Number of protein chains: 2
Amino acid sequence: MTAPFAQQEALSKERLRLWLRMLRVTRQVEAALRERLRVEYDSTLPRFDVMSALQRAPDGLKMNELSRSLRVSNGNVTGIVDRLVEDGSVERIAIEGDRRATRVRLTPAGRDAFTTMAVAHEGWVNALLDGVTEEDAHHIGELLHRLPAETGERQ
Amino acid sequence: MTAPFAQQEALSKERLRLWLRMLRVTRQVEAALRERLRVEYDSTLPRFDVMSALQRAPDGLKMNELSRSLRVSNGNVTGIVDRLVEDGSVERIAIEGDRRATRVRLTPAGRDAFTTMAVAHEGWVNALLDGVTEEDAHHIGELLHRLPAETGERQ
DNA sequence: TCTTGAAACTTTATGCTTGAACTAACTGTC
DNA sequence: GACAGTTAGTTCAAGCATAAAGTTTCAAGA
């Protein structure tokens, strides 16, 4: 038995409101983080994300794996990695047996830089989410975990 | 009395986890919405946002007000409005008494287009947030409302 | 071996986004 | 009226993001 129309309407509106609010908050937090990364480490969120993914893979990742794990397009990762290579945080390593692919790995300098940034990053997030208790975090985390619906590819 | 160190550490990690999850979900939902707008209406999320803001202001908004209400940079709005003007959804109107400023307003065509898209948009969000009950929405909405901390400029 | 198709990347065109520099116009105050 | 400072907007350079097209390499079957 489905809910009455009026009730579905109300739920739909409520979800829209929630979505807009989520969007506002994430954008605000993202903006704050981006600003800090820029000012304090002359870096960016996408660079940070790439380095973060690489840090968890001591042997590096293929471009492929990188873009899939970050859920961004292939071409996008090419550019970000280019810039990371340029400033020495990351290196491209040939894969023997497959000349199409390359492995991307943090350099020691890149690893150091990331470690520093990661500590700061956690502190910023912790401060920005000041109003969130451990219970809140758990509860919302649970809900978010099963969202969004129907997009498949849950990870 | 402050909480013990270990407990604060745990809370910090939990908040970081929550943030990463929020980021993942919003990006996923955003990507889905962007894709739909592109395929079905040959439009984009930023254009939609601008039109949405304008729709609530029958007399239009100054570029200034627009960028403040969307929380994006001035220069950014210039470009988006340029493109909206190009395809006839929006018009720039001189303000008498101040030749620096212009008022931006939806054209009738733009208003129609937006109405159509807005209905579809609500439907998409409703479907994407399928797992969210009205209580969930309320609860999370409440929490999000007081986030993020310390950034001032609440809305 | 040849060739067909897939896979791994890069390139390109377009658009969004920011911060910073710039132009033009307005608002005092002397 | 001149001018200093502010306000409104645009322009610019750089980077991020996507989709689509292109290149090189690999794998497998005829």
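Here the structure is a predicted model, which means the values were calculated and not measured.
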Does [X] reach the main-chain N or O of [Y] with its side chain, forming a donor-acceptor pair under 3.5 Å?
X: Ser12(A); Y: Gln8(A); result: no
X: Glu122(B); Y: Val119(B); result: no
X: Arg15(B); Y: Val132(A); result: yes
X: Arg21(B); Y: Gly141(A); result: yes

Please set out all donor-acceptor pairs under 3.5 angstrom arising from side-chain atoms of residues 74-97 of chain A, sequence neighbours excluded.
unit_1	atom_1	unit_2	atom_2	d
Asn74(A)	OD1	Ser67(A)	OG	3.0
Thr78(A)	OG1	Asn74(A)	O	3.4
Asp82(A)	OD1	Arg92(A)	NH1	3.0
Asp82(A)	OD1	Arg92(A)	NH2	2.9
Asp87(A)	OD1	Ser89(A)	OG	2.8
Glu91(A)	OE2	Arg105(A)	NH2	3.1

[X] versus [Y], closest heavy-atom pair with distance:
X: Val104(B); Y: Leu54(B); result: O-CD2, 3.4 Å
X: Leu144(A); Y: Arg24(B); result: O-NH2, 3.9 Å
X: Gly131(A); Y: Leu143(B); result: O-CD1, 4.2 Å
X: Glu40(B); Y: Trp124(B); result: OE1-CZ2, 4.0 Å
X: Pro58(A); Y: Arg111(A); result: CA-NH2, 4.1 Å
X: Leu11(A); Y: Glu134(B); result: CD1-N, 3.7 Å

Margin query: For a quick test of reading the model: is some side-chain N or O of Arg68(B) closer than 4.0 Å to OP1 or OP2 of dT7(D)?
Written below: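 Indeed not, no polar side-chain atom of Arg68(B) lies that close.
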Margin query: Just N and O in the side chain of Thr44(A): are any of them under 4.0 Å from OP1 or OP2 of dC16(D)?
Written below: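 Answer yes for this pair, as a side-chain N or O of Thr44(A) is under 4.0 Å from OP1 or OP2.
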Item checked: Short N-O contact, Glu14(B) and Arg17(B), less than 4.0 angstrom ->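 Salt bridge flag = yes for Arg17(B) with Glu14(B).
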Check: In terms of the nearest nucleotide of DNA chain D, which residue is placed more toward the 5' end: Asp98(A) or Pro46(A)?
Finding: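 By nearest-heavy-atom nucleotide position, the 5'-most residue is Pro46(A).
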Check: What is the distance, rounded to the nearest whole Å, between atom CD1 of Ile93(B) and atom P of dA8(D)?
Finding: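 So the two atoms are 18 Å apart, to the nearest Å.
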Check: Please give, in whole Å, the distance from dC16(D) C1' to Phe48(A) CZ?
Finding: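 These atoms are roughly 17 Å apart.
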Notebook entry, point to check: Of all of residues 79-88 of chain B, which get a heavy atom below 4.0 angstrom from DNA chain D, listed by number?
Noted result: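 When residues 79-88 of chain B is checked for heavy atoms under 4.0 Å from DNA chain D, there are no hits whatsoever.
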Check: Looking at residues 49-65 of chain B, who's got a heavy atom less than 4.0 Å off DNA chain D?
Finding: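 The answer is Lys62(B), Met63(B), Asn64(B).
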Next item on the list: If a pair satisfies ring pair (Phe, Tyr, Trp, His ring centres under 6.0 Å) and one of its residues is in residues 43-67 of chain B, list it, with sequence neighbours excluded.
Entry: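 Applying ring pair (Phe, Tyr, Trp, His ring centres under 6.0 Å) to every pair that reaches into residues 43-67 of chain B, excluding sequence neighbours, yields Phe48(B)-Phe114(B), Phe48(B)-His121(B).
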Margin query: What is the first contacted nucleotide of DNA chain C and what is the last, in 5' to 3' order, if contact means an atom lying under 4.0 angstrom from a heavy atom of chain B?
Written below: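 Nucleotide range with atoms under 4.0 Å of chain B: dG15(C) to dC26(C).
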Show me the protein contacts with nucleotides 18-21 of chain D, counting only N or O atoms at under 3.5 Å.
unit_1	atom_1	unit_2	atom_2	d
dT18(D)	OP2	Ser73(A)	N	2.7
dT18(D)	OP2	Ser73(A)	OG	3.1
dT18(D)	OP2	Asn76(A)	ND2	3.2

Margin query: If you only use heavy atoms from C-beta on, which nucleotide in dC26(D), dA8(D), dC16(D) is closest to the side chain of Arg100(B)?
Written below: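 Nearest listed nucleotide: dA8(D).
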Students often get this wrong, so: under 4.0 angstrom with heavy atoms, is [X] touching a base, only sugar-phosphate, or nothing?
X: Arg47(B); answer: sugar-phosphate
X: Arg27(A); answer: nothing
X: Arg92(A); answer: sugar-phosphate

